[in-house]
Amino acid sequence: MTESETFIVIGAGQAGGRAVEAMRACGFTGRIQLLGAESHLPYERPPLSKKLLTGEVGPQTTYLHDQAFYDDQGIELRLGTDAVAIDRKARTLELSRGETLHYDKLLLTTGARVRRLSIPGATLPGVHYLRNMDDCLAIRERLSENARLVVIGGGFIGLEAAAAARARGCAVTILEAASLVLNRVAAPEIGRFYEQLHRANGVDIRTRVKVLEFTGDGRIEAVVCEGGVTCPADFVIVGVGVEAETKLASDADLDVDNGIVVDHHGRSSDDRIFAAGDVTNHPNEALGRRLRLESWQNAQNQAIAVARVMCGGSEPYRELPWFWSDQYGLNLQMVGLPEDWDQIVMRGDMAAQKFTAFYLRDRLVIGANAVNSPRELRFARMLMEQGARPDPASLADPNIPLKSLLVG
């Protein structure tokens, strides 16, 4: 690592922003260029479906740093810049404007793109997706008293957007194809709890619904579902998941499989090219499998870990996945990413909206969801890290401290 080296980071979101920050913190004195397709400074995404969407905060509150930070750190921040091709042999990067940049090491933090619907009427004005700052600000303009919003998809983005819209007085309908909301990411008990929460706050939730088309004269007016059911809509938010943004990597013949395939250090199939954040398919030692994560924690912490490796470090990235969601004043935190379990142990009072759900397999704690119980989630993480197999009855008893169930 010398002053003459050039590190280029493609993707100026949370992962890219934290990566360049970590490079300087590690003492790297070479050239750093951070390229981003958006015009905004690197920012955090969680507020886009929460306080920024409701208007409680402004865009500046989401920025990792102001422009002065990048200037002071000697980080060349190039916004509104698209990279279109990587020449691995020459170690060059071609930009959409025709410019060519040379790199010694390259970090891809290209993130993910929304899955778009291809049904009739999908391009009508008023059909929105929520992924970036401009999406959020465009939707925020539509959130007004009694405006009719239809949300397609009952995952976290859809539910958080629905909660934000209700806070602004919109009439909200959620259409979900599965039998429960949060069907892909949480136990049925959690899905049912959040359905009840939203209905109690005036949201019309409809499950097992197949959306066929959007209709309207010049802009969205209704959502047509299977069976002839029509939902009037002044605007629509589609939240049906995202896909890793891997085109640049694929075109460069890097290994790609539901994300850029990397090792514990974030290194791709090319020793000089690394990746971090939503775009990576990486090994998780704690879970014993490879996975791709779309989370604030992974975007930030994997990027920092990989940046340190690029600067000469050797510590691998290994963290238990952690997620959170805020809706109607309730905080949900989730640790682990359980795929199969044989028992759900409930601790606390769901009616009081303060509880923890533990996911067990052969009594092994493999995950936990905590609503308004952050302290319990901390101990759930420790139980997982220890590979503990507590007695389920003790786990469920709020009078037995979780600390007492730890091994040793």
Quiz item: Where is the tightest heavy-atom contact between Leu79 and Leu41, given as atom of each residue plus distance?
Solution: CD1-N, 4.0 Å
Quiz item: Does a side chain donor of either Tyr317 or Asn284 reach within less than 3.5 Å of an acceptor in the other side chain?
Solution: no
Practice problem: Output yes when Arg347 and Glu376 qualify as a salt bridge under the 4.0 Å nitrogen-oxygen rule, no when they do not. | Solution: yes
Quiz prompt | Under-4.0 Å salt bridge between Arg192 and Glu195 | solution = no
Practice problem: Check Gln14, Glu38, Gln60 against Tyr43 for a side-chain hydrogen bond (donor to acceptor under 3.5 Å, both in side chains) and give me the one that passes. | Solution: Glu38
Quiz item: NZ of Lys51 to CG of Leu48: how many Å apart, nearest 0.5 Å?
Solution: 14.0 Å
Exercise. Could you verify whether a donor N or O on one side chain and an acceptor N or O on the other, from Glu44 and Thr62, lie under 3.5 Å apart?
Key: no
Quiz prompt | Cationic N near anionic O, under 4.0 Å, Glu99 to Arg78 | solution = yes
Quiz item: Taking atom types as modelled and ignoring hydrogens, do the side chains of Gln73 and Arg24 form a donor-acceptor contact shorter than 3.5 angstrom?
Solution: no
Exercise. Assess the side chains of Thr280 and Gln302: does a donor N or O sit below 3.5 Å from an acceptor N or O?
Key: yes
Quiz item: Is a side-chain donor-acceptor pair under 3.5 Å present for Asn281 with Arg292?
Solution: no
Quiz item: Are side-chain N/O atoms of Asp326 and Asn331 paired as donor and acceptor at under 3.5 Å?
Solution: yes
Exercise. Test Leu248 against Thr246 for side chain to side chain contact (heavy atoms under 4.5 Å, CB included), laying out the working first.
Key: CA-CA 6 Å; Leu248 198 61; Thr246 58; over 6 Å; no
Quiz item: Which heavy-atom pair separates Leu124 from Gly218 by the least distance, and what is that distance?
Solution: CD2-C, 4.2 Å
Practice problem: Tell me yes or no: between the side chains of Gln327 and Glu160, is some donor less than 3.5 Å from an acceptor? | Solution: no
Quiz item: Should we say atom CZ of Arg199 is surrounded by more than 12 heavy atoms from elsewhere, each under 6.0 Å from it?
Solution: yes
Practice problem: Please report the C-alpha distance between Ile8 and Leu101 in whole Å, then the side-chain angles of each, then the deciding distance to 0.1 Å, and finally whether the side chain to side chain contact (heavy atoms under 4.5 Å, CB included) criterion is met. | Solution: CA-CA 9 Å; Ile8 297 180; Leu101 305 178; 3.8 Å; yes
Quiz item: Does a salt bridge link Arg131 with Asp278, judged by any charged N lying under 4.0 Å from a carboxylate O?
Solution: yes
Quiz item: Among side-chain atoms of Asn201 and Arg166, is any donor-acceptor pair under 3.5 angstrom?
Solution: no
Exercise. Determine, stepwise, if the pair Leu254 / Asp270 fulfils side chain to side chain contact (heavy atoms under 4.5 Å, CB included).
Key: CA-CA 7 Å; Leu254 295 174; Asp270 183 316; 3.6 Å; yes
Quiz item: Within a reach of under 6.0 Å around CZ of Arg378, are more than 12 heavy atoms found that belong to other residues, nucleotides or ligands?
Solution: yes
Quiz item: Quick one: side-chain hydrogen bond (donor to acceptor under 3.5 Å, both in side chains) pairs with a partner in residues 136-150, sequence neighbours left out?
Solution: Arg148-Asp234
Self-check item: Pair His40-Asp134, side-chain donor/acceptor within less than 3.5 Å
Solution: yes
Exercise. Would you check if the distance from the ring center of His198 to the ring center of Tyr328 is below 6.0 Å?
Key: yes
Quiz item: Quick one: does NZ or CZ of Lys50 land under 6.0 Å from the six-membered ring centre of Trp324, within 45 degrees of the ring axis?
Solution: yes
Self-check item: Audit row: Trp296, Phe323, side chain to side chain contact (heavy atoms under 4.5 Å, CB included) steps and yes/no
Solution: CA-CA 7 Å; Trp296 175 93; Phe323 312 85; over 6 Å; no
Quiz item: How about Phe355 and Phe193: are their ring centroids closer than 6.0 Å?
Solution: yes
Quiz item: CG of Leu137 to CG of Asn132: how many Å apart, nearest 0.5 Å?
Solution: 9.0 Å
Quiz item: Is there side-chain contact between Val371 and Thr356, with heavy atoms separated by less than 4.5 Å?
Solution: no
Quiz item: In this structure, are over 12 heavy atoms from other groups packed under 6.0 Å from Asp217 atom CG?
Solution: no
Quiz item: If you measure from CZ on Phe358 to CZ on Arg363, what distance do you get to the nearest 0.5 Å?
Solution: 14.0 Å
Self-check item: Charged N-O contact under 4.0 Å between Asp87 and Arg91
Solution: no
Quiz item: Where do Val181 and Gly154 come nearest, in terms of heavy atoms and distance?
Solution: CB-O, 3.4 Å
Quiz prompt | Any Leu332 side-chain heavy atom under 4.5 Å of Asn369 side chain | solution = yes
Quiz item: Would the Phe7 and Tyr103 ring centres measure less than 6.0 Å apart?
Solution: no
Quiz prompt | Arg208, CZ atom: more than 12 neighbouring heavy atoms under 6.0 Å | solution = no
